[in-house]
Amino acid sequence: MTSTLVLLESDGPLRTIRLNAPERRNALDLDLLAQLATAIATVKADADARALIVAGAGKSFCAGANLESMFGDITRPVHELREHLKSVYASFLGLRDLAIPTLAAVQGAAVGAGLNIALACDIVVAGPHAAFGPTFADIGLHPGGGCSFMLTERMGSAHAVAALLSGDVIKAVDAVRLGLANLLAEDPEAKATEMASRYASRTKELNANIKRSVRIAATSDLETSIDFESWAQASSVGGDDFRRYLQEFLRD
């Protein structure tokens, strides 16, 4: 019987994906990653889901990968290993494809591939004991799983290359200062739930278009960005939330 290494929890419009192997600090193997991919796909197909929190059971968020399970036969040709690794990455990078807001609640260590799972979320909420470890180079391994891209996206290229070359674990306060994490909270899951509840009170279309607008802005020019923004804002004008606000504003 396969153990439940990933839990998918529902609370109204909120969903929580919880890595559930605390006895090994939620270290990733192929079984856990397969269950994670299934959970992400389930959330993607869930019309009632409005926001997602990703968390880890126990004291760690995710201590990284079980390297033997992750890489398998390392004597295989590079092209074979590459294809295997790309399929491994896909099991958690699906978080980036979700249209709903995603928040990582990081209460402890998020190392290597575990760091990537946190980075794949829109917002990272760090607890006081959170620690972010881009430790690949220290074990002779090139960063993978989108780490180079996602760190650069959050920290800028200068901070990202420094972090990846040093391989040092980044404490919560420094992670917020560098932009790796968005904010620090005493109870990161409670804070993430509070934030997710606020986001979930809005329409799925508004949240999805905000995420898409930022992606366009990050990869395109101003004209392209304004072209999408003008359409998305014009579309939101007819929404119930804005009409209600406008009516109250005019009444005042």
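The structure presented is a predicted model; accordingly, all values stated were derived computationally and were not measured.
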Does [atom1] in [X] sit with more than 12 non-hydrogen atoms of other residues, nucleotides or ligands closer than 6.0 Å?
X: R82; atom1: CZ; value: no
X: E23; atom1: CD; value: yes
X: L165; atom1: CG; value: yes
X: K44; atom1: NZ; value: no
X: E9; atom1: CD; value: yes

Minimum heavy-atom distance [X]-[Y], with the two atoms named:
X: L14; Y: A200; answer: CD2-CB, 3.8 Å
X: G179; Y: R154; answer: O-CB, 3.5 Å
X: P143; Y: L164; answer: CG-CD2, 3.7 Å

Please check this pair: side chain of [X] against backbone of [Y], looking for a donor-acceptor N/O pair closer than 3.5 Å.
X: K191; Y: E186; answer: no
X: R215; Y: I210; answer: no
X: N207; Y: Y199; answer: yes
X: N20; Y: T4; answer: yes
X: R198; Y: M195; answer: no
X: S3; Y: L5; answer: no
X: S220; Y: A217; answer: no

If we ignore angles and hydrogens, is there a donor and acceptor under 3.5 Å between the side chains of D227 and T224? no
Non-hydrogen side-chain atoms of V6 and R18 separated by less than 4.5 Å: no
How about D29 and L32: do any of their side-chain heavy atoms sit closer than 4.5 Å? yes
Tell me which donor-acceptor pairs under 3.5 Å the side chains of residues 101-119 have, and how far apart each pair is, sequence neighbours excluded?
{"residue": "T102", "atom": "OG1", "partner": "D122", "partner atom": "N", "Å": "2.9"}
{"residue": "T102", "atom": "OG1", "partner": "D122", "partner atom": "OD2", "Å": "3.1"}
{"residue": "Q107", "atom": "NE2", "partner": "G56", "partner atom": "O", "Å": "2.8"}
{"residue": "Q107", "atom": "NE2", "partner": "G58", "partner atom": "O", "Å": "2.8"}
{"residue": "Q107", "atom": "NE2", "partner": "S60", "partner atom": "O", "Å": "3.1"}
{"residue": "N116", "atom": "ND2", "partner": "G144", "partner atom": "O", "Å": "2.8"}

Do NZ/NE/NH1/NH2 and the carboxylate oxygens of [X] and [Y] come within less than 4.0 Å?
X: E229; Y: R212; answer: no
X: R15; Y: D46; answer: yes
X: R177; Y: D174; answer: yes
X: D240; Y: R243; answer: no

[X] [atom1] to [Y] [atom2] distance, which is reported to the nearest 0.5 Å:
X: L180; Y: E153; atom1: CG; atom2: CD; value: 11.5 Å
X: D73; Y: H84; atom1: CG; atom2: NE2; value: 10.0 Å
X: L36; Y: C62; atom1: CG; atom2: SG; value: 9.0 Å
X: H79; Y: L81; atom1: NE2; atom2: CG; value: 9.5 Å

